[in-house]
Amino acid sequence: MPQVVGIDLGTTNSLVAYMDGKTPRAIPDENGQVALPSIVAFLKEGPQKTLTGEQAKARLMTHPKETVYSVKRFMGKGREDLEADLQHLPFVFLGKGKEGVQIQIGDQQHSPPEISAHILSALKARAEKALNTSVTQAVITVPAYFNDSQRQATKDAGKLAGLEVLRILNEPTAASLAYGLQKEKKGIIAVYDLGGGTFDISILKINNGIFQVLSTNGDTHLGGDDFDQKLVQLIRKEILEKYKVEIQDFPETMQEARLASEKVKCALSSEESVDITLTLPDKKTQYIRRVSRSEFEKLITPLISRTIDSCTQALADAKLTPTDVNEVVLVGGSIRVPLFKETVGDFFQRQPHSELNPDEVVALGAAVQAQILSGAITDMLLLDVTPLSLGIETMGGVVSRLIQRNATIPTTAKETYSTQVDGQRSVSIHVVQGERELVEDCRSLAKFNLTGIDPMPAGMPRIEVTFLIDANGILNVTAKDLKSGKETTVEVKPTYGLSDADAEKMISASMEHAKEDLEKRQWIESKNEAETVLHHTEKALAQGASLLDDAEKEKIEKAIAELKNAISSEMHKAVREKLTALDQATQRFAADLMSQSVQEALQNKKLKDL
């Protein structure tokens with residue numbers, strides 16, 4: 001049986017783990033260090049082109065423009081998604097708008113997946129050395145809120161590193177697997193995962209080895225790096241005020257400030273105050289000041305509040321309250337900050353659980369999942385979910401949802417649609433993601449055409465649209481003409497990710513605009529139905545005028561005119577009332593027309609038989 005490893009590809013640090021019998025274990029390097037800093041340094045000279053981990057970290061201050069850190073934040077992103085980050089980073093980003101970014105290092109360009117591949121390659125080599133065997137398959141974890149583009153970028157990085165990625169696994173889900181392996185649990189568990197660059201909250205139902213994710217939420221731009229940045233900005237502001245030096249103009253000093261801030265943050269987890277010392281660009285002046293834990297906590301309180309907002313939304317999605325949660329699991333190195341444990345404990349009204357190493361738990365869970373996929377573990381099942389609803393655009397710009405938010409994956413769904421115009425030979429399929437009722441308020445994922453439809457009256461063709469989300473969260477969409485059998489399939493791989501602001505606001509916006517969105521949808525659907533009914537009624541009047549007397553014809557024409565006026569008023573209820581009135585006015589005429597059609601069909605059959 002091939003050795004399959006689990007990899008936690010983190011923003012700050014990355015780890016690799018394997019199953020030692022029935023126990024997952026993180027694999028250390030030759031110095032006994034389990035965490036590999038997620039940093040890649042590019043060398044200008046010598047046979048070795050790159051350095052990773054601690055060796056690369058050592059070059060952050062001396063070669064900041066050739067040393068890339070936090071690359072996970074750039075995975076699957078376009079330049080416009082990173083505008084808020086650019087002023088804080090020493091790298092040169094290439095690309096326009098929503099195109100995938102490239103990072104300029106010297107005279108070469110590197111994509112985020114290419115840089116991440118160096119980290120994965122280092123972990124692969126570590127595992128092969130420790131296990132004394134070839135490692136070609138892996139389960140790699142990602143934040144639960146990673147979209148299709150970011151997940152695909154992670155798979156691409158694995159492929160570049162020579163790994164077959166068997167599964168892209170949500171980080172909180174991986175943590176639940178590791179935790180469930182240690183103790184059999186029944187009930188509701190909240191997995192609070194605060195890493196170096198992202199935050200995720202997952203609400204899980206665990207029962208007899210079956211893990212089901214009830215809901216997920218999170219913040220794609222919140223983690224330990226942001227706490228460091230709060231201190232960095234405090235230092236920068238004070239140096240500018242006291243020494244009139246803008247350290248942001250000096251990349252080496254900015255890196256020194258960032259690393260010093262990280263050390264202070266870690267030290268304040270166990271100490272009440274810590275001194276910070278920074279040498280200014282003139283290499284003579286030193287900035288020295290003491291930072292207290294209370295001062296640091298005041299800086300990061302708004303960030304902590306954002307995590308609690310996500311927890312509130314995740315519970316609402318699962319239709320639960322904090323008191324319904326039986327246990328809270330803390331994951332990620334950033335949760336060592338005491339204020340987080342206090343705040344999370346107060347919110348869920350119970351002591352958070354963190355007996356497993358919070359730095360290792362995601363990698364350990366990935367190793368468990370790797371064993372499940374290899375067939376070595378058969379008594380454990382994982383059911384994951386998709387975080388946002390998926391659907392297609394229908395007439396009038398309305399979203400027809402096929403897969404609802406928080407649906408268990410892998411999953412599939414089918415709906416049958418038809419044409420809008422007589423003789424239509426093709427249909428356009430527009431795939432969207434989001435919780436709003438109208439397409440214009442959702443995220444566009446893909447557009448494609450199904451051609452070769454047999455020309456028929458509007459409403460007659462049957463177009464079956466199938467959505468299939470695989471175990472990695474990648475969406476496949478198929479449109480098929482049921483009469484001709486012709487079909488078109490696309491794998492939805494967006495070339496850019498959601499902006500951080502969009503990802504964070506998508507769900508809250510759907511709640512905020514729920515009433516007005518529903519009213520707009522009702523109006524559009526009523527208008528669509530009314531126009532279809534008018535089209536068929538006027539067509540029927542032209543065909544069966546001989547079946548009507550003057551009074552009945554006048555009654556129907558009046559109902560038609562009133563329905564058209566109701567459409568002009570753009571009032572949903574008025575349209576529904578006039579639709580009902582037209583239906584009542586045409587009931588006898590419709591029955592007579594149907595009878596006439598049946599008689600004509602029978603007559604034609606007799607003539608054919610003769």
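Applying the side-chain hydrogen bond (donor to acceptor under 3.5 Å, both in side chains) criterion to Thr279, with sequence neighbours excluded, gives no partner residue. In this structure His110 satisfies the side-chain hydrogen bond (donor to acceptor under 3.5 Å, both in side chains) test with no other residue, sequence neighbours excluded. Every salt bridge (charged side-chain N to carboxylate O under 4.0 Å, His left out) that Arg336 has, sequence neighbours left out, goes to Asp359. Judged as a side-chain hydrogen bond (donor to acceptor under 3.5 Å, both in side chains), and not counting sequence neighbours, Thr50 has no contacts. A search for side-chain contact (heavy atoms from CB on, under 4.5 Å) contacts involving Leu280 returns Ile239, Tyr243, Asp282, Thr285, Tyr287, not counting sequence neighbours. Residues forming a salt bridge (charged side-chain N to carboxylate O under 4.0 Å, His left out) with Arg289 (at least two apart in sequence, or on another chain): Glu238, Glu295. Under the salt bridge (charged side-chain N to carboxylate O under 4.0 Å, His left out) criterion, Glu128 pairs with Lys124, sequence neighbours left out. For Glu246, the salt bridge (charged side-chain N to carboxylate O under 4.0 Å, His left out) criterion is met by Arg236, not counting sequence neighbours. Listed by chain and number, the residues in a side-chain hydrogen bond (donor to acceptor under 3.5 Å, both in side chains) with Thr154 amount to none (sequence neighbours excluded).
Thr11 and Ser70 form no side-chain donor-acceptor contact under 3.5 Å, judged by distance and modelled atom types alone. No donor-acceptor contact under 3.5 angstrom links the side chains of Thr478 and Thr466, judged on distance only. With hydrogens and angles left out, the side-chain atoms of Asp309 and Gln313 include no donor and acceptor closer than 3.5 Å. No hydrogens or angles considered: nothing links the side chains of Ser38 and Tyr69 as a donor-acceptor pair under 3.5 Å.
For the pair Ser389/Gln433, no side-chain contact is recorded, criterion being any heavy-atom separation below 4.5 Å from C-beta on. Considering only heavy atoms from C-beta on, Leu163 comes within 4.5 Å of Ile7 through its side chain. Using a 4.5 Å cut-off on side-chain heavy atoms (C-beta onward), Lys49 and Leu43 make no contact.
Listed by first then second residue, pairs satisfying salt bridge (charged side-chain N to carboxylate O under 4.0 Å, His left out) with a partner in residues 55-72 read Lys72-Glu171, not counting sequence neighbours.
Thr141 and Leu9 make their closest contact through OG1-N, 3.9 Å (heavy atoms, listed as atom of the first residue, atom of the second, distance). The minimum heavy-atom distance linking Gln3 with Thr133 is given by the pair CB-CG2, 4.1 Å. Nearest heavy atoms, Ala479 versus Ile429: CB-CG1, 3.9 Å. Minimum heavy-atom separation, Met75 to Gln150: O-CG, 3.0 Å.
Ion pair Asp226/Arg258 not flagged as a salt bridge, since none of the NZ, NE, NH1 or NH2 atoms sits closer than 4.0 Å to an Asp/Glu carboxylate oxygen.
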Donor-acceptor list for residues 113-122 side chains, cut-off 3.5 Å, not counting sequence neighbours:
from: Glu114; atom 1: OE1; to: Ser111; atom 2: N; distance (Å): 2.9
from: Ser116; atom 1: OG; to: Pro112; atom 2: O; distance (Å): 3.2
from: Ser121; atom 1: OG; to: Ala117; atom 2: O; distance (Å): 2.8

Acceptor/donor pairs from residues 260-268 side chains to any protein atom, 3.5 angstrom cut, sequence neighbours excluded:
from: Ser261; atom 1: OG; to: Ala257; atom 2: O; distance (Å): 2.8
from: Lys265; atom 1: NZ; to: Asp228; atom 2: OD1; distance (Å): 3.1

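Taking CD of Gln371 as the reference point, atom CG of Leu373 lies at 9.5 Å (rounded to 0.5 Å).
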Criterion ring pair (Phe, Tyr, Trp, His ring centres under 6.0 Å) on Phe340 and Phe227, from CA distance to verdict:
CA-CA 12 Å; Phe340 275 99; Phe227 310 143; 5.2 Å; yes

